[in-house]
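Here is the structure we will look at.
Small disclaimer: the values here were computed from a predicted structure and weren't measured. Residue indices begin at 1 and follow the sequence shown.
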Amino acid sequence: MMHKNIPKIFIFIDTYDDKVFKHINTKIGVIYRNYNSNKRYEDLVKIASICKKRNYHLFVSNDIRLAPKIKADGIYIPSLNKIGVNYLNLDKKNFLIMGSAHNQKEINEKIKQNCKIIFLSPLFQTSKYR
């Protein structure tokens with residue numbers, strides 16, 4: 001995937017639900033981030049099939065082994081992942097590396113993890129984050 005073709009709209013999902021995709025008529029990025037499901041692979045195969053048919057970009061959260069198996073466009077590194085060494089060579093495999101951050105320290109971590117896109121979250125103060 002060329003980095004120039006990065007979608008402007010992303011959806012985060014944690015289970016397969018075909019209703020999610022029914023009314024989306026624009027190019028999107030789909031980020032699958034379910035870490036505890038026993039049917040994670042099965043969900044991802046279904047999601048990957050829909051993404052391929054509709055020309056959506058698919059990103060798998062925190063799993064560098066599973067993403068290539070389902071031919072994902074890249075990976076998403078959540079803010080809770082502080083390990084960066086494993087992600088430095090993925091750019092060579094034409095994988096887009098994205099991540100999320102909540103503050104300047106986490107932004108710096110995502111830069112070290114070779115993220116090309118960083119989601120800043122939340123934008124407004126919440127009870128968990130200032």
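Between Phe95 and Ala67, the closest heavy-atom pair is CE2-CB, 3.5 Å. Taking each heavy atom of Ala72 and Val60 in turn, the nearest pair found is CB-CG2, 3.9 Å.
Contact annotation: the side chain of Lys116 never approaches that of Ile6 to less than 4.5 Å [non-hydrogen atoms, C-beta and beyond]. Taking the side chain as every heavy atom from C-beta outward, Ser37 and Thr15 never approach each other to under 4.5 Å. When side chains are defined from C-beta on, Phe119 does not count as touching Ser79, because their heavy atoms never get closer than 4.5 Å. A heavy-atom distance below 4.5 Å is found between the side chains of Tyr41 and Ile70. Annotation: side chain of Lys110 is in contact with side chain of Ile77 (closest heavy-atom distance under 4.5 Å). Counting heavy atoms from C-beta on, the side chains of Leu96 and Asp73 never come closer than 4.5 Å. Lys27 places a side-chain heavy atom less than 4.5 Å from the side chain of Asn55. Between Ile47 and Phe21, the closest side-chain pair of non-hydrogen atoms falls below 4.5 Å.
Distance alone, capped at 3.5 Å, places no donor-acceptor pair between the Asp14 side chain and the Asn34 backbone.
Aromatic ring orientation, Phe10 versus Phe59: tilted (interplanar angle from 30° to 60°).
Taking CG of Asn36 as the start and CG of Asn38 as the end, the distance is 9.5 Å to the nearest 0.5 Å. Taking OG1 of Thr26 as the start and OH of Tyr56 as the end, the distance is 8.0 Å to the nearest 0.5 Å. With values rounded to the nearest 0.5 angstrom, Ile31 atom CD1 is found 9.5 Å from Leu58 atom CG. The line from CE of Met98 to OG of Ser61 is 9.0 Å long, rounded to the nearest 0.5 Å. Expressed to the nearest 0.5 Å, how far OG of Ser100 lies from CD1 of Ile107 amounts to 10.5 Å. Taking CD1 from Ile75 and CZ from Arg65, the interatomic distance works out to 12.0 Å, rounded to the nearest 0.5 Å.
Residue pairs satisfying the salt bridge (charged side-chain N to carboxylate O under 4.0 Å, His left out) criterion with at least one member in residues 37-62, sequence neighbours excluded, are listed as follows: Arg40-Asp63.
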